[in-house]
Amino acid sequence: MSVNEQKRIVIKVGSGLLVSEEDLNVRYAFLFGLLEDIASLRAKGHEVVLVSSGAAAVGLKAMGVRPSEAGVADKQAAAACGQPLLMAAYKAVASEFDLSIAQVLLTSDDMENRRRFLNTKNTLDRLLDRGLLPIVNENDTVTTEEIRVGDNDRLAAKVAQMIQAQAFIMLTGVEGLYDRNPDDEDARFVEEVSDVSEYIEATKSKSALGSGGMLTKMMAANMAQNGGVETYIASGILERPVTSVLENERRYTRCTAHGDPASAWRVWLADRLNMAGSITLSKDGAKAVREGKIGVRAEDIQSVHGEWAKGDVLHVYDEDGEECARGLTNYSSNEVVLLAKRTGRAVEEVLGYHSNADVIDAGNLVILEEHHLPWAVPEEEATAIEV
Ligand SMILES: Nc1ncnc2c1ncn2[C@@H]1O[C@H](COP(=O)(O)OP(=O)(O)O)[C@@H](O)[C@H]1O
Ligand SMILES: N[C@@H](CCC(=O)OP(=O)(O)O)C(=O)O
């Protein structure tokens, strides 16, 4: 894809680029280079959304807490303290380039609850139409474990899917992906990735300020790939950090988009940050689901994990613990247990109301292709209800 075709671009910048590890001050030189580059992209007709980390790191300094000693509660408080400082820095530098900025703070609910997803998408579209530069961060201060993304790599990938970006660029402190920790002198640079699952083991170590390291960049790249978005991982410590990637002037890692991007609905269903629970199917049930023949039927259910409400999205596993599909359920977890225990009876007889719907209808089920990163069976398997 040529640079001109990449109209919508999501750029994610990590804490290590924005904030100095030594004194936790904002790196103004980096901000200057980044916003100058964004202004030049905007002048050429690109629409840019920036996803920026750094609030917690800046806030920790203001609170007098060292990053190595900070727990989750400290970081949540630090984000409240640091976010306005970060935005003040962005505003000051953006005005040098006649850019108007807009702050968008999100939680995973804003991307996974269908109504909030559409609302957030409309707001971002409107900001872009009006020529603003949306600067997105997680709303760390209010998130709880259940609605926390925890890293801006995956949050940014969700934003890229949401606004149907053509390019997703993660700027970080290294030039891209290596086949092992880059501190290892035998580490080899990886220029192109199709199957990110090959690099999950190689990306488990983290840096001092970052939240997710390269591992969450791989997960994020997988989400973007599935949504048909090309992902680039590159160093931000350079002049024109984004343009130099798009114009192929330097080294970076490119994660190719999968040939046939799924529809927005299927991407929304399949690439999620949180799942409400899971269902394990019999061998034959899982086979028929994988073949796309049927939805999830009560008679094929072997066990149910977790508690959920009608309309939640679930994992579907086979009896070997391999994830075969994800889908939106028509019944609550309690109802599914009752239906699975009393198969052969009409729904009305079991639940007291009429319904012809399967537990998950085929149209609301996404069969996982090979290129989706699967999720492991949850650890709280012990709480599973066998049916
Ligand atoms: N295989 C790998 N390839 C590249 N970087 C890796 C790898 N494994 C671990 N890392 C580490 O991941 C870091 C990038 O993640 P992180 O610091 O969280 O970035 P950011 O703050 O920009 O999101 C690199 O600085 C490097 O130390
Ligand atoms: N939302 C957090 C950043 C979380 C995060 O993903 O950090 P990083 O790995 O540096 O991109 C903050 O603003 O501090």
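Note that this is a predicted model, so its numbers are computed, not measured. Heavy-atom basis, side chains included; hydrogens, waters and symmetry copies ignored.
Across all their heavy atoms, P134 and L127 have their closest contact at CG-CB, 4.0 Å. Nearest heavy atoms, L328 versus I360: O-CG2, 3.5 Å. Taking each heavy atom of D125 and R8 in turn, the nearest pair found is OD1-NH1, 2.9 Å. Nearest heavy-atom pair across R326 and W375 is NH2-CD1, 3.0 Å. Closest heavy-atom contact between A55 and Q83: CB-OE1, 3.3 Å. Counting all heavy atoms, side chain and backbone alike, L269 lies closest to V313 at O-CG1, 3.6 Å.
Not a single donor-acceptor pair under 3.5 Å links the side chain of R266 to the backbone N or O of V366. Side-chain N or O atoms of D320 include none that pairs as donor or acceptor with a backbone N or O of E322 at under 3.5 Å. Judged by distance alone, with hydrogens and angles left aside, the side-chain atoms of E175 form no donor-acceptor pair with the main-chain N or O of S235 at under 3.5 Å. At distances below 3.5 Å, not a single donor-acceptor pair connects side-chain atoms of E335 with backbone N or O atoms of L351. Side chain of N113 to backbone of D110: no donor-acceptor contact under 3.5 angstrom is found. Between the side chain of T107 and the backbone N or O of T143, no donor-acceptor pair lies under 3.5 Å. Side-chain atoms of T123 come within 3.5 Å of backbone N or O of N119 as a donor-acceptor pair. In this structure a side-chain-to-backbone donor-acceptor pair under 3.5 Å is missing from D361 to G363. A distance-only check finds a donor-acceptor pair linking the side chain of D179 to the backbone of R188 [under 3.5 Å].
Within 6.0 Å of NZ in K341 there are 12 or fewer heavy atoms belonging to other residues, nucleotides or ligands. Environment of CZ in R126: sparse, with no more than 12 heavy atoms of neighbouring residues, nucleotides or ligands closer than 6.0 Å. Atom CD of E291 has more than 12 heavy atoms from other residues, nucleotides or ligands within 6.0 Å. Other residues, nucleotides and ligands contribute only 12 or fewer heavy atoms inside 6.0 Å of the CD atom of E307.
How far CG of L215 is from CD of E201: 9.0 Å, rounded to the nearest 0.5 Å. Taking CG of N222 as the start and CZ of R154 as the end, the distance is 11.5 Å to the nearest 0.5 Å. For the atom pair N274 CG and R148 CZ, the distance stands at 11.5 Å (nearest 0.5 Å).
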- Can D195 and Y199 be said to form a side-chain hydrogen bond (donor to acceptor under 3.5 Å, both in side chains), step by step? CA-CA 8 Å; D195 181 1; Y199 295 98; over 6 Å; no
- Query: Could you walk me through whether E386 and Q302 pass the side-chain hydrogen bond (donor to acceptor under 3.5 Å, both in side chains) check?
  - Reply: CA-CA 6 Å; E386 302 296 329; Q302 285 192 335; over 6 Å; no
- Query: side-chain contact (heavy atoms from CB on, under 4.5 Å) between L314 and S278: does it pass, once the steps are laid out?
  - Reply: CA-CA 5 Å; L314 309 178; S278 62; 5.6 Å; no
- For side-chain contact (heavy atoms from CB on, under 4.5 Å), just list the numbers for D284 and D300, CA-CA rounded to whole Å, side-chain angles, deciding distance to a tenth of an Å, and then say yes or no. CA-CA 8 Å; D284 290 346; D300 296 322; 5.7 Å; no
- Output, in order, the C-alpha distance, side-chain angles, deciding distance and verdict of side-chain contact (heavy atoms from CB on, under 4.5 Å) for Q103 and I135. CA-CA 5 Å; Q103 171 182 264; I135 303 182; 5.8 Å; no
- Message: salt bridge (Lys or Arg N to Asp or Glu O under 4.0 Å), that's the test. Do K158 and E112 meet it? Break it down for me.
- Response: CA-CA 9 Å; K158 281 284 197 186; E112 306 214 326; 3.4 Å; yes
- Stepwise side-chain hydrogen bond (donor to acceptor under 3.5 Å, both in side chains) test for T253 and Y232: CA-CA 6 Å; T253 298; Y232 304 85; over 6 Å; no
- Item | Test log, rule side-chain contact (heavy atoms from CB on, under 4.5 Å), inputs C324 and Y317 | CA-CA 6 Å; C324 44; Y317 292 104; 5.9 Å; no
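Using a 4.0 Å cut-off between charged side-chain N and carboxylate O, R254 and E191 make no salt bridge. Between K217 and D151 there is no salt bridge, since none of the side-chain N atoms of the basic residue sits less than 4.0 Å from a carboxylate O of the acidic one. Of the charged side-chain nitrogens involved, none lies within less than 4.0 Å of a carboxylate oxygen, so that D358 and R297 do not count as a salt-bridged pair. Using a 4.0 Å cut-off between a side-chain N of Lys or Arg and a carboxylate O of Asp or Glu, K61 and D23 do not qualify as a salt bridge. With salt bridges taken as basic N to acidic carboxylate O contacts below 4.0 Å, none links R240 and D37.
Annotation: side chain of F30 is in contact with side chain of L18 (closest heavy-atom distance under 4.5 Å). Between I301 and V336 there is a side-chain heavy-atom pair separated by less than 4.5 Å.
Under the side chain to side chain contact (heavy atoms under 4.5 Å, CB included) test applied with Q225, the options D271, L373, V196 reduce to a single match, V196.
Annotation: cation-pi geometry satisfied between R251 and F189 (NZ/CZ under 6.0 angstrom from ring centroid, within 45° of ring axis).
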